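See below for the structure under consideration.
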Amino acid sequence: MLWCVLLMGISGITQGQSSFALSLDIGPSYSYRVLKGDESVQRIIDLRNESEDYGLGFTAGIAGHYKFKNGTQIELGIQYIRYVTRTNDLPVLGEFNEFIGTADLLYQSHFIEIPLRTRYVIHFMRYSVYISPGIAPSLFLNQFSKGIIEYDNGDSEVKRSENTITDFNDFGLVGLFGFGIEIPIGEKMRMAIEPGARYHFFELNDFSVKEHLYSFGCQFRLIKQF
């Protein structure tokens with residue numbers, strides 16, 4: 001279905017005159033994951049869903065835009081994505097298994113994505129509003145864990161390490177959907193505010209508990225028309 005929407009948008013480019021623009025994109029996003037598995041791992045899934053929570057990540061990248069007079073655009077870019085999930089208030093034990101504090105553990109997964117989007121635009125006076133479905137091949141880079149430890153004596157500590165044990169899937173495919181508004185800020189400059197969401201169709205690794213990342217957030221885009 002998503003491919004059909006993209007192809008409909010691409011086919012419309014022959015019906016109007018085109019123009020080209022470049023954008024710089026950055027924005028925060030809240031990320032989490034969907035866990036899937038059979039009945040043998042359902043207890044693990046339930047425990048993780050009870051203890052894990054959303055984390056604050058971000059996106060940053062550039063994109064090229066081809067714009068057509070019929071209101072359709074096509075966009076191709078490259079983005080760096082950080083997905084974050086977290087586990088809060090884990091007990092920290094001392095040398096003799098005594099309770100000495102709590103820790104928040106953050107898992108930071110990093111990807112490069114190549115988003116391809118079709119944008120359907122409606123112009124209203126000087127402003128433009130749009131919806132933007134798309135897909136993005138993704139390349140896994142690495143995953144780091146960050147532990148924020150608060151000790152009972154008032155001290156704190158941050159520990160960060162790379163996950164080199166898990167065999168992550170290097171390549172994936174991401175579904176994208178966004179909507180936004182563009183505001184002119186100069187003769188050939190525009191600013192866009194674009195809330196949106198993304199979902200990984202492929203699992204993060206091949207464990208018995210399948211983990212599909214997703215996020216929702218807001219991109220701020222600075223667009224230069226040529």
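Predicted, not measured: the structure shown is a model, and the values here were computed from it.
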Inset, instruction - Would you tell me whether Glu157 and Tyr151 have side-chain atoms, one donor and one acceptor, within less than 3.5 Å of each other? - result: yes
Inset, instruction - Verify the distance criterion only: is there a donor paired with an acceptor across the side chains of Ser109 and Gln143 at less than 3.5 Å? - result: yes
Flag, side chain of [X] to backbone of [Y], donor-acceptor distance under 3.5 Å:
| X | Y | value |
| --- | --- | --- |
| His123 | Ser128 | no |
| Ser31 | Val84 | yes |
| Gln219 | Ile193 | no |
| Tyr120 | Pro133 | no |
| Asp104 | Asp89 | yes |
| Asn169 | Glu203 | yes |

To the nearest 0.5 Å, how far apart are [atom1] in [X] and [atom2] in [Y]?
| X | Y | atom1 | atom2 | answer |
| --- | --- | --- | --- | --- |
| Leu24 | Ile62 | CG | CD1 | 7.5 Å |
| Ser138 | Ile81 | OG | CD1 | 9.5 Å |
| Gln79 | Phe58 | CD | CZ | 11.0 Å |

Legend entry - Pairs meeting criterion side-chain hydrogen bond (donor to acceptor under 3.5 Å, both in side chains) with involvement of residues 94-103, two or more places apart: none
Hydrophobic cluster membership, with links at side-chain heavy-atom distances under 4.5 Å among I/L/V/M/F/W/Y: are [X] and [Y] in one?
| X | Y | result |
| --- | --- | --- |
| Leu139 | Phe144 | no |
| Tyr80 | Leu76 | yes |
| Phe201 | Phe207 | no |
| Ile183 | Leu222 | yes |
| Leu90 | Val92 | no |

Side chains of [X] and [Y] in contact at under 4.5 Å (non-hydrogen atoms):
| X | Y | answer |
| --- | --- | --- |
| Tyr130 | Glu194 | yes |
| Phe111 | Leu213 | yes |
| Leu176 | Ser132 | no |
| Leu22 | Phe226 | yes |
| Ser19 | Tyr66 | no |
| Asp25 | Phe220 | no |
| Arg86 | Glu52 | no |
| Tyr83 | Tyr214 | no |

Inset, instruction - Linking directly or through intermediates, with side-chain heavy atoms under 4.5 Å: list the remaining ILVMFWY members grouped with Val41, chain and number order. - result: Leu35, Ile44, Ile45, Val209
Legend entry - Under 4.5 Å side-chain linkage, directly or through intermediates, the cluster mates of Ile26: none
Legend entry - Working for side chain to side chain contact (heavy atoms under 4.5 Å, CB included), residues Asn142 and Thr164: CA-CA 8 Å; Asn142 52 43; Thr164 59; over 6 Å; no
Inset, instruction - State which residue, out of Arg48, Lys210, His212, fulfils the side chain to side chain contact (heavy atoms under 4.5 Å, CB included) condition with Arg33. - result: Arg48
Inset, instruction - For this output row, return yes or no: ring centroids of Tyr54 and Tyr30 closer than 6.0 angstrom. - result: no
Inset, instruction - Answer yes or no: does atom CG of Asn153 have more than 12 heavy-atom neighbours from other residues, nucleotides or ligands under 6.0 Å? - result: yes
Inset, instruction - Mark yes when over 12 heavy atoms from residues, nucleotides or ligands other than Lys159 sit less than 6.0 Å from its NZ; otherwise mark no. - result: no
Which pair of non-hydrogen atoms, one from [X] and one from [Y], has the smallest distance, and what is that distance?
| X | Y | result |
| --- | --- | --- |
| Gly64 | Phe20 | CA-CE1, 4.1 Å |
| Gly180 | Pro195 | CA-CD, 4.4 Å |
| Ile223 | Ala21 | CG2-CB, 3.8 Å |
| Leu173 | Phe202 | N-CD1, 3.8 Å |

Inset, instruction - Test side chain to side chain contact (heavy atoms under 4.5 Å, CB included) on Phe99 and Asp152 and set out the steps. - result: CA-CA 9 Å; Phe99 179 83; Asp152 280 353; 3.5 Å; yes
Inset, instruction - Walk me through it: do Asp167 and Asp206 pass the test side chain to side chain contact (heavy atoms under 4.5 Å, CB included)? - result: CA-CA 8 Å; Asp167 187 17; Asp206 292 326; 5.6 Å; no
Legend entry - Among Arg190, Lys67, Lys188, His65, side-chain hydrogen bond (donor to acceptor under 3.5 Å, both in side chains) partner for Gln225: Arg190
Inset, instruction - Would you check, one step at a time, whether the test side chain to side chain contact (heavy atoms under 4.5 Å, CB included) holds for Thr59 with Glu113? - result: CA-CA 10 Å; Thr59 68; Glu113 296 180 2; over 6 Å; no
